[in-house]
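Everything quoted here is computed from the prediction, not taken from an experiment. Ligands are counted one by one from 1 in listed order, and the atoms in each one are counted from 1 as well.
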Amino acid sequence: MEGMRKPPLIELRGVSKIYRTEDVEVAALRHVDFKVESGDFVSIMGSSGSGKSTLMNILGCLDRPTSGEYLLQGIDVSKLDRNELAIVRNRTLGFVFQSFNLLARTSALENVELPMLYAGISGRERHKRAKEALERVGLGARLDHHPRQLSGGQQQRVAIARALVNRPSVILADEPTGNLDSRTSIEVMALFQELRREGLTIMIVTHEPDVASYTERLVVVRDGRIRSDQRQVAQPAVLTELEEASP
Ligand code: ADP
Ligand code: MG
């Protein structure tokens, strides 16, 4: 409505996550308040065990907060049951993982078609969209290749195509360059920068300050809390002559 402010794409309000095992309780997130606007390109850093994956799992509707609220596109998803969360996940979110998570004996095209199978899209349309997504990430000539016939960087691009194929608003990537050399990492970050220019919202967890420097907002997590949250000018992800020359 005119005059009304659009809600942020993502808003966490006082979100805590407590893991309870037999004799210990771990507070993985402690009263986290956090907003992400549409089109944000965010990196999340923090030492091991600081709560980054827990934060991503909650943002990704893979897990629910113990307390607090999670508003996604203005809707409180913190109380949805597993099935409802799965629907939100399919429609709104795309995931990219460190280890690519591709099916080994399956072509790039079929890997990218997979999320649409669950979304009930016809075979013809699945094929068309998967092909488009692979072309978009520069793999139009590799549709029939199996993961082992592709380099690490190419496999991650297949995984990014798979994340894009249901036309999500947000891409969540947990250590997407963790298994890639620095040259390939830059290529993958260049692709994320391109997707961001096309209007996607992107959040990545990374250990590497270099990788974070290609994003526009740096969030540091420590002991389950957000320690700092700063806008920055993204470094352009382009290979220098030196990196071009290296094998
Ligand atoms: P990071 O991704 O930053 O390494 P995590 O979010 O994985 O951190 O973990 C945060 C804290 O929560 C750690 O102390 C970790 O041991 C604990 N934790 C994570 N997942 C579980 C779980 N499923 N059960 C119990 N404790 C967990
Ligand atoms: Mg982690």
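The number of heavy-atom neighbours closer than 6.0 Å to NZ of Lys79, taken from other residues, nucleotides and ligands shown, is above 12. Other residues, nucleotides and ligands contribute at most 12 non-hydrogen atoms within 6.0 Å of the NE2 atom of His31.
Donor-acceptor pairing under 3.5 Å is recorded for the side chains of Glu208 and Thr177.
For the Mg ion (ligand 2), the set of nearby N, O or S atoms under 2.8 Å includes one belonging to Ser53.
Within the 3.5 Å criterion, the main-chain N or O of Leu114 finds no donor-acceptor partner in the side chain of Arg162. Proximity of a side-chain donor or acceptor of Glu25 to a complementary backbone N or O of Ile18 within less than 3.5 Å is not detected.
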Every pair of nitrogen or oxygen atoms between ligand 1 and the protein that is under 3.5 angstrom apart - can you list them with their distances to 0.1 Å?
from: ligand 1; atom 1: 2 (O); to: Ser53; atom 2: N; distance (Å): 2.9
from: ligand 1; atom 1: 2 (O); to: Ser53; atom 2: OG; distance (Å): 2.9
from: ligand 1; atom 1: 3 (O); to: Ser50; atom 2: N; distance (Å): 3.2
from: ligand 1; atom 1: 3 (O); to: Ser50; atom 2: OG; distance (Å): 3.3
from: ligand 1; atom 1: 3 (O); to: Gly51; atom 2: N; distance (Å): 3.0
from: ligand 1; atom 1: 3 (O); to: Lys52; atom 2: N; distance (Å): 2.9
from: ligand 1; atom 1: 3 (O); to: Lys52; atom 2: NZ; distance (Å): 2.8
from: ligand 1; atom 1: 4 (O); to: Gly49; atom 2: N; distance (Å): 2.7
from: ligand 1; atom 1: 6 (O); to: Thr54; atom 2: N; distance (Å): 2.9
from: ligand 1; atom 1: 6 (O); to: Thr54; atom 2: OG1; distance (Å): 2.5
from: ligand 1; atom 1: 8 (O); to: Gly51; atom 2: N; distance (Å): 3.2

Begin with the C-alpha distance, continue with both residues' side-chain angles, and end with the deciding distance and a verdict on side chain to side chain contact (heavy atoms under 4.5 Å, CB included) for Ile186 and Arg183.
CA-CA 5 Å; Ile186 296 170; Arg183 191 173 178 282; 5.8 Å; no
